[in-house]
**Q** 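Quick one: this structure, given as structure tokens, is what I'll be asking you about.
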Amino acid sequence: MHKVLARGSGSSTARSRPHTALALAAAGVAVFAATVVVTATASAGTTLGTSAAEQGRYFGAAVAANKLSDATYVGILNREFNMVTPENEMKWDATEPSQGQFTYTNADRIVSHAQTNGMRVRGHALAWHSQQPGWAQNMSGSALRQALVNHITQVATHYRGKIYAWDVVNEAFADGGSGGRRDSNLQRTGNDWIEAAFRTARAADPGAKLCYNDYNTDGQNAKSNAVYAMVQDFKARGVPIDCVGFQSHFNSASPVPGDYQANLQRFANLGVDVQITELDIEGSGTVQADSYGRVVRACLAVPRCTGITVWGIRDTDSWRASGTPLLFDGSGNKKPAYTAVLNALNGGSTPPPTTTAPTTTPPTSPPPSGSGCTATLTLSQWQGGFVTYVRVTAGATPLNGWTVGLTLPGGATITNTWNAQPSGTSGAVTFRNLSYNGQVGAGASTEFGFQGVGTGPSGSATCTAA
Ligand code: 9MR
């Protein structure tokens, strides 16, 4: 059930991104590896995924396993997106249709497609009042609590190491002005069911970011205030929570709220990442396109907004197809909304981040003549935060795995890494390749990146072939 609240419309303000040349200059921070910076800036991305990656974000889509045999669908998916969310395949009714009998076939197909094609996965959803199997719907009390904990343990363990972020709990708060929890069989097991779910998920997959996900929380209102209070309480008490997902299903009765960016920012200020998790906006033409652009600019203006996922690929793939809410039409053509999103990711009407003259000569990195590899850093620094891109280039021998080492300045903390596995978040850190980008041909290169708070690394990086 959605959109029972109609919010007042409001115009969202276009904001410039924080990591502009101005911010760089004001911060007086060295930008180096000039050649790479110029390349990255001059060649604005031409797909949603690459353009988002240039901003240190991902761009994802909800994917249905039964569409992976549709060539047009897969063509767009592989070209445009670098994150996937299984639309239904990881839900409780799909993964545990009979108690204790787990079925992962369809979800595994999506995860495997993602891994093969260099995409990451948002897991959706471990605990939800809806789409429960019949046997769970009929349970209550401690038996249901135990079944939920077992479900989370089993599913999160099955996918351990393969999930970027889990929607651990979905839609647990009530609509309207009550500011309370939604009544459900899960809620009736005790108010601590949400924290029990998060603690269980952390134990099963310590490497996944753990998110709370909901709708009608996109602006400040009684419902989002209640979620905010829960996140604040979890942070204060050490309940593991890393991110909050804002579904962002919009239509004319429930448009992008005027305080969308401010609402994302206030959650980020609690010390969690924020993600736009199920974006769709009903409509067409420039009106729809403008709303999409506003959403993207809001995310880019919030340093801890780590990515955007649209809830389907073509309009005909949407669970609300009649509202034509997505970026591609039924034939797979790009809509004006697509162009608005891409332009927003590439800087839109705000000036692109002009490259500041390098104050440090980059360690020039011709492909190494011997075996081994080199790592070249590109730093984008703004007041309080940074994004670092690292290009790994193979020498004369192809790489079968690589490790990059660097030291972060004191006070710097990594909050998000993509395309590599970091060993830590501060001080001396190493980054290992993931399963899909360890193999690099002789003289070829691959890129990973990380985002953080504080001052980004301005020294050199080591690269070691596995
Ligand atoms: O897109 C999903 C659709 O195929 C299912 O029939 C529906 C059943 O509840 O769930 C849809 O996905 C929902 C998501 O899991 C949670 N937030 C609302 C989504 C629909 O917008």
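Just follow the structure's listing: the first ligand is 1, and inside any ligand the first atom is 1. Remember, predicted model here, so these are calculated numbers, not experimental data.
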**Q** Out of curiosity, is Glu171 lining ligand 1, as in a heavy atom under 4.0 Å away?
**A** yes
**Q** Closest by any non-hydrogen atom to atom 7 (C) of ligand 1: pick that one out of His124, Gln131, Glu87.
**A** Gln131
**Q** Would one find an N or O of Trp319, backbone or side chain, under 3.5 Å from an N or O of ligand 1?
**A** yes
**Q** Assess the side chains of Asp290 and Tyr292: does a donor N or O sit below 3.5 Å from an acceptor N or O?
**A** no
**Q** Among Phe267, Tyr260, Tyr215, Tyr212, which residue meets the ring pair (Phe, Tyr, Trp, His ring centres under 6.0 Å) test with Phe246?
**A** Phe267
**Q** Heavy atom under 4.0 Å from ligand 1: found in Asn213's side chain, backbone, both, or neither?
**A** neither
**Q** Going by atom types alone, do Gln288 and Lys335 pair a side-chain donor with an acceptor below 3.5 Å?
**A** yes
**Q** Checking contacts here: is it the side chain or the backbone of Asp280 that comes within 4.0 Å of ligand 1, counting heavy atoms only? Could be both or neither.
**A** neither
**Q** Looking at Arg237 and Glu195, is there a salt bridge between them, counting it only when a charged N and a carboxylate O are closer than 4.0 Å?
**A** yes
**Q** Pull out every atom of ligand 1 sitting under 4.0 Å from any heavy atom of His249, numbered as shown with elements.
**A** 18 (C), 21 (O)
**Q** Look at the aromatic rings of Phe198 and Phe234 and report parallel, tilted or perpendicular, splitting at 30° and 60°.
**A** perpendicular
**Q** So is Tyr215 in contact with ligand 1, going by heavy-atom distances below 4.0 Å?
**A** no
**Q** Which of the numbered atoms in ligand 1 are below 4.0 angstrom from a heavy atom of Asn170?
**A** 16 (C)
**Q** Using a 4.5 Å cut-off on heavy atoms from C-beta on, say whether the side chain of Phe448 contacts that of Trp402.
**A** yes
**Q** With side chains defined as the heavy atoms from C-beta onward, is the minimum distance between Val429 and Leu408 less than 4.5 Å?
**A** yes
**Q** Ser130 versus ligand 1: do any nitrogen or oxygen atoms come within less than 3.5 Å of each other?
**A** no
**Q** Looking only at distances, can you tell me whether any N or O atom of Trp128, backbone or side chain, sits closer than 3.5 Å to an N or O atom of ligand 1?
**A** no
